[in-house]
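Structure first, then comments.
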Amino acid sequence: MTYPWAPSANNRDREEMLRRIGVRDPMDLYRDVPREVTLKEPPSVGFGRMLSEWELRRIIDEKLSRNKYFADPPPFLGGGICFHYVPAVIDAIISRSEFYTAYTPYQPEINQGLLQAFFEYQSLMADLLEMDVVNVSMYDWSTAAAEALLAAMRVTRRRKLLVSSNINPEHMEVIRTWLIGKNVKIEEVGFEKESGKIDINEVEKKIDNETAAIYVETPNFFGVLEENLEAIADKAHEHGALFVVGIEPLSLGIVKPPGRYGADIVVGDAQPLGIGLNYGGPLLGIFATKWDRKLVRQMPGRLIGLTRTIDGTEQGFVMILQTREQHIRREKATSNITSNEALLAVAAAAYLSLLGGRGIRELAKTIWIRSHYTAKRLNEIGVKAPLFDAEFFKEFVARFPKPYREIHRRLLAKGIMGGLDLRDKPPLRDEYSALFCVTEAHSKKDIDRLVEAIGELM
Amino acid sequence: MTVLRRGWRQAKWPEPLIYDIGGPQRSGYIIPFREEDDVIRESLGTTPESELAKRGLLREEMPNIPGASEVEVTRHFTRLSQMSYGVDVGPVPLGSCTMKYNPKINEVLTRDPRIAFLHPYQDEETVQGLLEMLYELEKWLAELTGMDRCSLQVPAGAAGELAGALMIRKYFIDKRENRDEMLIPDSAHGTNPASAAMAGFRVIRIPSTEHGTVDLDAIKAVLSAKTAGIMLTNPNTLGIFEDRILEVAEILHENGSLLYYDGANLNGIMGIVRPGDMGFDIVHLNLHKTFSAPHGGGGPGAGVVCAKGELVDYLPRPLIGKKNGKYYWDYKCERCIGRIRAYYGNIIPLVKAYLYIAALGGKGLRETAIQSVINTNYFIALMRDVKGYELPYDPDRPRKHEVVFSAKPLAHDTGVTALDVAKALLDRGLHAPTIYFPLIVEEALMIEFTESEPRREIERYAEVLKEIAETAYRDPNSVKSSPRNTSVGRLDDVYANHPKSVTPTYRVLLRRMHGEQLVL
């Protein structure tokens with residue numbers, strides 16, 4: 001038997017290596033493993049034997065044939081991540097094996113290219129957000145939000161958090177999980193029933209001098225763009241709290257960036273920037289701060305910085321501020337992150353530099369126009385869309401005159417993956433409502449087809 | 001006639017920043033169906049700009065993001081890739097980080113649109129094939145670890161540690177026991193204490209014995225009604241198997257405390273011994289390490305967290321279920337810690353782990369572990385008596401997945417440190433090992449070849465380490481001036497981190513160039 005990925009296994013090399021080591025049986029190298037727990041047989045995993053590559057392909061092909069993907073039309077599902085088109089060049093770049101088979105660049109001199117790409121991601125993202133410092137990624141939006149709130153607690157040394165109740169419910173769950181071990185009070189701030197926006201009166205009522213941070217997402221779970229963000233920032237700062245904002249990055253092609261309304265920490269997901277759906281993972285968590293010593297020192301994750309060679313003749317890139325990290329600070333570290341989503345940061349850097357400022361602006365406008373067109377058309381056939389009286393981007397809630405579940409089922413039978421049923425999704429929990437997502441990947445024909453199909457079911 | 005072996009040189013491009021290549025007005029991307037937008041816009045009778053401006057939401061200035069043509073973008077990043085080093089270029093024997101070769105078939109299969117185009121909220125009936133794979137993966141991982149169930153939601157090993165620590169936290173909160181201390185050996189990965197602290201535990205450091213294993217007497221001395229558990233990896237970071245692990249488990253369990261297994265070092269023992277059989281209650285695995293999903297320069301990886309007995313109830317939800325031949329996500333959560341991240345986990349690396357296990361089967365995985373251990377011990381045999389290096393802690397005892405040498409004699413005799421040795425390795429076209437870890441070994445060189453490295457490559461690594469030491473004894477400065485053959489010479493960490501020069505983004509660079517005094 002040959003082991004394709006273990007070149008010395010089971011051949012003469014192995015015997016010679018064992019001879020040099022001075023053991024006859026490789027199991028002698030396990031002589032310190034207690035005999036009573038040593039397995040007698042190989043574990044029963046896989047398909048009972050080694051598979052050739054062709055056999056593997058056929059087994060997987062059979063499984064994949066039981067998946068159904070939607071491209072004609074693309075899914076109208078959102079809920080935090082949406083179907084966007086990923087240009088082929090992005091895949092080509094991150095398929096360079098020098099990139100994808102690299103480890104964390106602990107030896108910067110031999111990984112300058114990777115480090116420069118990371119630095120460019122940090123820089124491009126900083127310019128999109130108008131924030132000064134961006135790390136080279138978190139796992140996803142939800143974990144970035146949780147880490148932002150933990151960082152805020154360290155910076156302010158306070159133990160109360162205000163979180164807008166209209167954020168993505170999965171993010172809310174993750175935040176609650178990550179804070180189990182901390183003695184912290186999480187208070188939700190309600191939203192206005194008409195507009196779907198955070199209730200600013202409630203912010204004023206709940207914020208106090210114990211508050212570490214207030215967390216708001218824009219667009220929020222309903223796709224609604226929050227307003228009054230400057231006022232919320234002021235409120236937070238008046239009380240010595242931090243203002244943490246979650247964003248959808250493509251919206252910033254036309255929507256005012258968080259750096260302009262006083263955000264201290266910005267989080268989000270860069271999935272719209274050249275990253276596939278992949279059934280929800282991996283994603284690319286954004287984490288950014290403004291230029292503030294305390295914030296940057298409490299920032300989780302990896303940071304890359306510009307530097308020069310010791311002899312001062314050339315420019316280069318290295319990991320910076322590593323004294324914050326777990327391998328040096330151990331239990332006093334800013335977070336436990338080691339692996340992140342670095343390769344996807346390269347994808348996002350390539351995507352942003354392919355589009356440029358103008359391209360991102362055009363794309364954001366396109367998405368705005370198409371999602372608004374979809375809402376308008378649905379409205380014309382008797383669906384209340386958008387449900388909320390507010391500006392929205394990419395996603396919107398539509399309320400149907402009858403429970404959505406059945407409509408969704410029948411759309412699916414027609415080959416259309418409709419919106420997200422909100423019957424059991426907080427904060428709305430309404431069986432008549434669904435969250436729809438429309439992007440640049442949806443043509444007018446796709447949208448018209450959706451609307452017509454819904455019209456027939458109404 | 002002898003064949004001349006030319007020295008190794010890494011590619012070096014005078015590659016500017018993307019900001020110096022593109023411009024904000026340029027774009028290499030055509031928006032799909034863009035001609036239709038005019039028709040749509042007309043039917044809307046308004047523009048995004050005017051609607052957003054009305055509410056004060058409009059971004060008036062275009063983002064300062066340089067755009068470039070597809071050709072320029074491709075060339076830029078291709079050149080950058082050529083100035084990078086991954087395991088497809090040569091060995092990356094970073095101990096504790098497990099850099100295996102990543103099978104190419106996994107890349108091909110996971111790019112299939114029947115995975116890549118799936119939305120996490122699409123109806124379960126439309127993803128049965130994928131769910132079946134994940135279901136089987138969970139079964140296999142439970143079998144390999146000796147645990148009852150696994151949650152696949154964990155995006156990385158460290159997140160698995162956090163999940164595990166939170167499970168322990170919640171378990172004792174539910175039992176109304178005030179246990180807030182976590183025992184962690186001084187040789188542990190830095191993630192362990194960081195994760196424990198994030199979960200709200202006070203970290204109690206346990207020293208290692210002169211044999212490089214955890215000190216049982218030290219554990220007994222600190223054990224109390226406050227002890228929630230211990231976080232251990234076995235084999236430990238010295239590559240040494242904790243041979244008294246069953247005693248450790250007994251002592252902890254008798255005290256009502258739990259054992260957490262850090263699976264980062266599973267590679268040398270999988271299929272030989274299982275954490276569950278050693279007495280561990282919770283396990284995390286780094287799937288990207290042991291099961292060969294590439295690291296991508298830092299990620300994406302994938303973790304899982306597995307548990308047995310009562311602790312299964314605390315695993316992050318949802319778990320994958322099967323009823324009447326159909327797979328589904330089971331959100332039932334009475335005592336669980338909740339979600340550790342949004343959606344279901346890092347599906348692509350999870351599928352790669354599935355493919356790896358499927359391709360090798362139980363016997364193949366076992367052979368893989370055995371070969372990785374043979375590789376380590378073969379390297380030790382080659383390094384025996386090489387002047388300048390020593391093997392601390394019971395040098396005659398077999399190591400498992402990795403070995404930690406010390407360059408202390410070399411540093412003492414010549415002033416050439418582990419860092420210098422690392423840079424000299426780069427000059428010879430070899431990636432350096434992990435250095436200065438674990439903290440209990442001075443001038444540590446932590447080396448892990450895995451099963452991927454052929455015998456010849458291991459021999460070459462040992463030869464080069466010997467040659468570097470010999471050069472150091474002869475001419476230490478020539479070693480200290482490495483690297484010279486990499487795309488750039490040795491970099492200035494002090495300048496990079498200095499409050500007055502630290503530059504994490506182009507935006508900060510511009511602000512500095514415009515005369516702003518930015519101090520961090």
Side-chain angles (χ1 to χ4, degrees), chain A residues 6-7 9 13 17 21 29 32 37 42-43 45-46 63-64 66-69 77 93 96-98 101-102 104 109-110 112-114 123 126-127 139 142 170 173 177 181 276 279-282 306-307 309 316 326-327 330-331 333 336 339-343 353-354 356-357 359 368 373 443-444, chain B residues 24 27 33 36 40 48 62-65 67 77 80-81 83-88 114 117-118 120 126 128-129 140 155-156 158 190 193-195 197 199-200 203 243 277 296-301 338-339 342-343 346-347 361-363 366 371 378 398 451 454-455 486 488-489 496 503 505-506:
Chain A
D13 274 342
M17 292 166 88
I21 295 167
L29 298 171
D32 44 4
V37 291
V45 299
K63 292 189 193 278
L64 295 185
R66 283 182 277 135
N67 293 339
K68 179 161 172 48
Y69 70 91
L77 270 180
I93 287 166
R96 293 287 306 187
S97 78
E98 301 93 324
T101 72
T104 303
E109 295 87 357
I110 207 165
Q112 275 305 291
L114 193 61
S123 297
D127 281 328
Y139 307 132
S142 69
E170 299 219 7
E173 282 185 57
T177 299
Y279 201 55
L306 189 66
T307 189
T309 49
Q326 48 76 28
H327 57 276
R330 297 180 79 84
E331 68 266 28
N336 67 350
S339 285
N340 49 26
E341 312 295 322
L343 187 69
S353 49
L354 186 69
W368 189 97
Y373 171 74
S443 68
K444 181 171 177 297
Chain B
S27 183
F33 320 109
E36 297 175 355
I40 294 176
M62 216 161 59
N64 176 35
I65 291 177
F77 286 99
L80 293 183
S81 76
M83 292 190 277
S84 305
Y85 188 101
V87 89
D88 277 8
R114 292 171 295 178
F117 281 10
L118 300 180
T126 64
Q128 285 295 307
W140 296 345
S195 303
V203 173
D243 50 355
D277 299 337
R339 279 178 178 279
Y343 315 113
N346 279 356
I347 300 301
K363 185 159 178 287
R366 187 185 170 102
Q371 191 58 44
Y378 182 59
E451 69 285 0
R455 175 185 169 192
T486 43
V488 68
T503 308
T505 55
Y506 185 71

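Reminder, nothing fancy here: chain letters follow the sequence lines and each chain counts from 1.
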Who among [options] has the most heavy-atom pairs with chain B under 4.5 Å?
{"options": "Gln112(A), Arg330(A), Lys68(A)", "value": "Arg330(A)"}
{"options": "Ile93(A), Leu306(A), Asn67(A), Leu114(A)", "value": "Asn67(A)"}
{"options": "Ala126(A), Gly359(A), Ala102(A), Ala6(A)", "value": "Ala102(A)"}
{"options": "Gly276(A), Ala333(A), Gly316(A), Ser97(A)", "value": "Ser97(A)"}
{"options": "Asp13(A), Ile110(A), Leu77(A), Leu29(A)", "value": "Ile110(A)"}

**Item:** Point-to-point distance, once rounded to the nearest 0.5 Å, from CZ of Phe77(B) to CG of Leu354(A)
**Value:** 9.5 Å
**Complete:** Interatomic distance, NZ@Lys444(A) vs CD@Glu36(B), rounded to 0.5 Å, equals 7.0 Å
**Request:** Select one option (side chain, backbone, both, neither) describing which atoms of Arg366(B) are under 4.5 Å from chain A's heavy atoms.
**Result:** side chain
**Per-residue contact mode, Ala342(B) against chain A (heavy atom under 4.5 angstrom)** = both
**Prompt:** Most heavy-atom pairs under 4.5 angstrom with chain A, which of Gly190(B), Gly67(B), Pro63(B), Gly301(B)?
**Reply:** Gly190(B)
**Asked** With side chains defined as the heavy atoms from C-beta onward, is the minimum distance between Leu80(B) and Arg96(A) less than 4.5 Å?
**Response** no
**Message:** Please find the pair of heavy atoms, one from Glu109(A) and one from Thr486(B), that lie closest to each other, and give the distance.
**Reply:** O-CB, 3.3 Å
